[in-house]
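A quick write-up on the structure given underneath.
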There are 2 protein chains.
Amino acid sequence: MGQNTNGTRQRLIDTAQALIWKSSYGAVSVDDICKAADVKKGSFYHYFPSKVDLAVATMEESHAQLKVIYDECFSPGIGPLARFEKLADAVYQAQVETAAKYGMVCGCPCASMSSEMACQEDSVRNKFEEISRRQERYYETALRDLVADGLLPGDTDVRAKAEEIYAYFLGQLTMARIQNSLESLKQNLKPGLLRTLGLKQTLAGAA
Amino acid sequence: MGQNTNGTRQRLIDTAQALIWKSSYGAVSVDDICKAADVKKGSFYHYFPSKVDLAVATMEESHAQLKVIYDECFSPGIGPLARFEKLADAVYQAQVETAAKYGMVCGCPCASMSSEMACQEDSVRNKFEEISRRQERYYETALRDLVADGLLPGDTDVRAKAEEIYAYFLGQLTMARIQNSLESLKQNLKPGLLRTLGLKQTLAGAA
DNA sequence: TCATGATTTGACCGGTCAGTCAACTACTAT
DNA sequence: ATAGTAGTTGACTGACCGGTCAAATCATGA
């Protein structure tokens with residue numbers, strides 16, 4: 001179970017992630033992935049039992065990459081509101097970098113793939129559920145701190161609010177992907193997130 | 001250019017809309033559509049130059065169906081805030097009916113398909129742009145009435161707010177589709193929409 | 001040295017893909 | 001009647017699909 005000599009498996013994951021993110025699961029074939037990763041078909045099926053299994057692995061990979069950002073943004077060392085602001089900035093920045101790398105706005109890889117496949121592949125739906133849950137837990141912690149700071153009412157349903165925030169990001173990123181534009185993300189992501197938080201009183205402008 | 005004897009073309013559109021909505025563009029083949037619509041392959045290509053052209057036609061069809069709902073909800077006969085509330089109810093109700101019809105929560109057909117294909121097919125992206133724009137115009141009218149009623153500040157960027165509302169629906173519906181659940185839609189769609197509106201003062205509870 | 005298991009290779013499979021085509025049918029206008 | 005047109009049919013194409021497989025290669029440790 002240790003790491004294999006070459007990074008064949010990882011190379012397949014990275015390549016598939018990029019190709020699927022840029023287009024879609026259905027539009028990318030196993031042959032496409034193999035060719036781009038310089039891996040022969042037989043090797044592919046040595047590491048993954050099927051195409052969808054690789055897809056699920058790319059979702060986990062995407063989450064792992066995002067986790068680095070989340071861990072930094074949600075450091076308890078800073079105030080809870082500032083954490084969300086940091087997150088909005090980081091998400092936007094990540095989209096800018098991805099757009100530069102792939103030549104188009106790609107949105108959230110997990111969301112796009114799940115929207116395409118969740119209705120047919122339970123493994124994808126379950127993976128999405130797992131990943132979204134993990135991200136929502138970051139929100140919940142910060143939301144509880146907002147309650148403690150008196151910025152949110154004491155009876156706030158933290159779990160529901162966290163889901164709402166996740167759905168908010170999903171909507172913004174999906175929209176940006178379809179429109180292939182970073183503009184509304186730049187304009188609206190942060191203020192919209194703050195509005196979604198539904199703070200008792202708006203603290204304008206510190207930053 | 002008149003209507004053809006039988007509704008072959010329309011049958012293809014309706015069938016494709018249902019099949020793609022339930023799964024995805026990539027997972028549905030032209031043969032699948034033809035078989036389900038009881039239309040021979042040759043006839044398919046008599047009416048549509050390609051598979052994506054049919055897909056774009058289903059987007060227009062989806063919009064036409066939604067337009068009926070919109071026209072009713074956004075009747076100027078009722079207050080602007082009540083229009084949005086009516087819309088939230090109607091969107092939820094439509095999802096309930098679709099879920100019952102197809103056995104799963106399907107979300108927004110245009111959004112799912114566009115998220116899947118917009119990165120590769122400009123015709124899809126353009127159609128989405130056209131349709132989303134048409135829907136946003138309903139929001140803009142109601143938003144201006146909200147401003148006139150003093151429920152929104154006079155300097156509200158109505159265009160941007162309309163886009164935000166559209167993105168909000170898109171996020172909620174995509175989430176519901178992936179999770180295959182109407183629950184959060186039922187709980188959150190209306191209050192979240194009202195929060196997205198960002199009214200100066202909340203008018204709790206009438207009806 | 002040899003045995004063992006992990007990895008790689010490329011030929012191969014049957015089925016399906018989007019799309020084509022020439023022939024055929026049915027309606028319509030003259 | 002007949003010519004033109006719109007619609008229909010199903011056989012066909014060649015490329016591509018996801019997936020299989022047996023044989024070859026490699027690394028490792030006894």
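Everything numeric in this text was worked out from a predicted model, so none of it was measured. The analysis underlying the following values was restricted to heavy atoms, covering all of them including side chains, and did not include hydrogens, waters or symmetry mates. Each chain gets a letter, A, B and so on, in the order the sequences are listed, and its residues count up from 1.
Nucleotide C:dA6 holds its P atom 17 Å from the CZ atom of A:F48, rounded to whole Å. Distance B:K40 NZ to D:dC12 P: 17 Å, rounded to the nearest Å. A:D38 has its CG atom 17 Å from the P atom of C:dT7, to the nearest Å. Rounded to whole Å, the distance from OH on A:Y47 to P on C:dT9 is 10 Å. Per the geometry, CZ belonging to B:R9 stands 14 Å off C1' belonging to D:dA6, to the nearest Å. One atom, CD1 of A:I33, and another, P of D:dC16, lie 16 Å apart when rounded to the nearest Å.
Defined by atom type and a distance below 3.5 Å, a donor-acceptor pair is present between the side-chain atoms of B:D32 and B:S29.
Ring pair A:F74/A:Y138 is tilted by interplanar angle, where 30° to 60° counts as tilted. By the 30° and 60° cut-offs, the orientation of the rings of A:Y70 relative to A:Y139 is tilted.
Contact annotation: A:H46 reaches the phosphate of C:dT7 (side-chain N/O to OP1 or OP2, under 4.0 Å). Dashed line: the shortest gap from a side-chain N or O of A:T8 to OP1 or OP2 of C:dT8 is under 4.0 Å.
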Take nucleotides 18-25 of chain D nucleotide by nucleotide from the 5' end and write B, S or -, depending on whether a protein heavy atom sits under 4.0 Å from the base, only from the sugar-phosphate, or from neither. BBBB----
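Counting only distance, with no hydrogens or angles, the side chain of B:S75 and the backbone of B:G77 share a donor-acceptor pair below 3.5 Å.
Across B:F169 and B:V91, no two heavy atoms sit closer than the pair CE2-CG2, 4.1 Å.
Of the listed residues (A:Q179, A:K186, A:Q187), just one forms a side-chain hydrogen bond (donor to acceptor under 3.5 Å, both in side chains) with A:E183, and that residue is A:Q187.
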